[in-house]
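We use all heavy atoms of the structure for the numbers below, so side chains are in, but hydrogens, waters and symmetry mates are not. All values reported here derive from a predicted model rather than from experimental measurement.
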Amino acid sequence: MADKIPYKTLNNFTKVPMLGFPTWGWGETMQGVIGKTVKDAIDMGYRYIDTAPNGNEEEVGDALYEKIMDGTVKREDLYIVGKLWDPKVFHEPALIKDSLLSTLRNLNLTYLDSYILQCPEGDLQFVDTWHEMEKHVDNFVVKSIGLSNFNEKQIDHLYTSARCLPVTNQFDCNPYLLQQELCALCRSKNLAVTVYNPFGSSSLLEDATIESLAQKYRKTPEQILLRYQIQQGHVVIPISFSKTKLKENLDIFKFDLAKADVATLGKLDRNKQYTSLSALSYERTKLKVCFRQ
């Protein structure tokens with residue numbers, strides 16, 4: 001199934017699958033489940049695994065090692081993302097090397113395809129941190145570096161001195177929160193948009209317009225929302241806790257939304273940040289049932 005997921009070419013000419021699987025956001029109660037789900041995802045054809053230090057790195061690393069060693073996939077076929085999340089590192093760039101090496105050890109890897117800088121809200125004191133991250137691109141420990149939750153002001157500030165340009169900016173984006181100005185800026189700078197919360201809040205999944213389109217295309221509301229992002233040219237990494245949802249996500253490449261329907265979705269913007277916790281909680285309640293099947 002791996003060939004069913006299209007790739008997006010980034011500004012450094014590397015390629016990333018447009019649909020990925022994130023291993024963060026599961027919570028402590030999910031330990032023991034995430035490793036199995038990573039293996040299931042790889043077996044289904046997922047090749048982009050998005051990780052974070054607070055996302056059970058060691059368990060994810062064991063799963064990656066197993067799937068590489070049993071011949072299911074080669075390391076070079078995977079696109080593995082790590083993140084720099086520790087706030088103190090922003091003011092002590094010398095700590096980045098230890099943070100990166102810890103991630104590599106936990107994931108059983110010798111390099112990352114991308115290392116993402118998670119930016120503190122309203123903080124512009126990250127340029128020295130970025131320059132330190134650039135050194136690890138020079139040393140081939142990471143192939144590229146990127147951003148998460150950077151706003152327009154922060155991106156413009158970084159671009160005044162960056163030597164290695166970021167390849168992506170990960171942020172919350174869905175029809176209730178289109179972030180049109182931020183998306184436009186990213187496009188103007190050839191900076192790929194990676195969407196980590198395409199489902200928004202649970203109210204978005206129950207929106208009458210979304211439900212109507214789901215019926216029209218005979219798809220789930222989640223598939224409509226994912227397809228919408230793909231047709232915007234965005235990379236999307238939806239949190240999915242079950243094999244059923246992982247399989248459903250792969251089906252978004254079998255249909256297209258009509259231009260009129262894309263425009264209709266674009267009119268739902270409320271320009272308001274919604275938490276996805278209610279949606280995540282709903283998914284978690286189904287886990288025991290899913291994994292007994």
Side-chain angles (χ1 to χ4, degrees), residues 8-12 14 16 18 20 22-25 48 50-55 79-93 95-96 99-100 103 112-137 142-198 200 229 232-239 269 271-276:
K8 185 178 185 69
T9 301
L10 302 174
N11 58 27
N12 67 344
T14 60
V16 57
M18 292 188 71
T23 63
W24 37 263
Y48 173 8
D50 198 281
T51 75
N54 62 346
Y79 191 94
I80 309 297
V81 172
K83 290 190 176 66
L84 182 62
W85 275 29
D86 191 345
K88 67 183 179 182
V89 176
F90 288 99
H91 304 287
E92 298 183 60
L95 299 176
I96 293 175
S99 180
L100 174 57
T103 289
L112 293 174
D113 294 277
S114 189
Y115 198 39
I116 301 293
L117 177 60
Q118 182 85 12
C119 184
E121 185 176 354
D123 189 0
L124 292 178
Q125 298 177 344
F126 50 75
V127 173
D128 289 342
T129 302
W130 185 259
H131 291 329
E132 192 67 25
M133 292 175 69
E134 290 175 328
K135 296 178 183 179
H136 298 294
V137 178
V142 297
K143 288 188 175 182
S144 63
I145 45 182
L147 313 172
S148 180
N149 297 319
F150 269 58
N151 59 34
E152 296 94 323
K153 181 180 179 181
Q154 292 163 338
I155 292 172
D156 283 335
H157 183 66
L158 177 63
Y159 270 64
T160 61
S161 63
R163 179 171 54 83
C164 292
L165 296 180
V167 297
T168 190
N169 185 24
Q170 297 186 355
F171 54 89
D172 190 355
C173 182
N174 56 73
Y176 279 2
L177 183 68
L178 290 180
Q179 306 234 48
Q180 297 183 63
E181 292 183 0
L182 181 55
C183 289
L185 177 67
C186 290
R187 284 194 297 271
S188 72
K189 295 184 178 296
N190 196 20
L191 180 61
V193 170
T194 299
V195 176
Y196 62 69
N197 185 23
Q229 296 295 343
Q232 304 306 304
H234 299 165
V235 177
V236 63
I237 48 173
I239 297 177
D269 193 13
N271 195 31
K272 184 176 181 181
Q273 195 99 20
Y274 287 85
T275 176
S276 60

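In terms of modelled atom types and a separation under 3.5 Å, the side chain of Ser148 and the main chain of Leu117 share no donor-acceptor contact. Side-chain atoms of Thr168 come within 3.5 Å of backbone atoms of Ala192 as a donor-acceptor pair (strictly under, hydrogens ignored). With Ser188 contributing its side chain and Leu185 its backbone, the two residues share a donor-acceptor pair below 3.5 Å. Listed for the Thr23 side chain is a donor-acceptor partner under 3.5 Å among the backbone atoms of Asp50. Remark: side-chain polar atoms of Asn11 are paired, donor with acceptor, to backbone N or O of Pro166 under 3.5 angstrom. Using modelled atom types, one side-chain atom of Asp113 and one backbone atom of Ile80 make a donor-acceptor pair closer than 3.5 Å.
By the side chain to side chain donor-acceptor pair (under 3.5 Å) test, Lys135 is found to be paired with Glu132, residues two or more places apart in sequence or in another chain being considered. When the side chain to side chain donor-acceptor pair (under 3.5 Å) test is applied to Glu134, the partners found at least two apart in sequence or on another chain are Trp130, His131. Take His234 and apply the side chain to side chain donor-acceptor pair (under 3.5 Å) test, not counting sequence neighbours, and it matches Gln229.
Considering all non-hydrogen atoms of both residues, Met133 and Ile96 come closest at CG-CD1, 4.1 Å. Of all non-hydrogen atoms in Gln180 and Asp269, the two that sit nearest each other are NE2-OD2, 3.6 Å. Ser114 and Gly146 get closest at one heavy-atom pair: OG-N, 4.2 Å. Across Pro175 and Pro198, no two heavy atoms sit closer than the pair CD-O, 4.5 Å. In terms of heavy-atom proximity, Gln179 sits nearest to Asp172 at NE2-O, 2.7 Å.
The structure places CZ of Phe126 at 5.5 Å from CG of Leu158, a figure rounded to the nearest 0.5 Å. With rounding to the nearest 0.5 angstrom, the CG atom of Asn151 is 9.0 Å from the CG atom of Asn169. Trp85 contributes atom CH2, which lies 11.5 Å from atom CD1 of Ile116 (distance to the nearest 0.5 angstrom). The line from CG of Leu191 to OH of Tyr159 is 4.5 Å long, rounded to the nearest 0.5 Å. Put simply, CG on Asn197 and CG on Leu177 are 8.5 Å apart, with the number rounded to the nearest 0.5 Å. Between the CD1 atom of Ile155 and the OG1 atom of Thr160 there is a distance of 12.5 Å, given to the nearest 0.5 Å.
Side-chain contact check for Cys186 versus Phe150: every heavy-atom pair is 4.5 Å or farther apart.
Under 3.5 Å, the side chains of Thr14 and Ser144 contain no donor-acceptor pair of N or O atoms.
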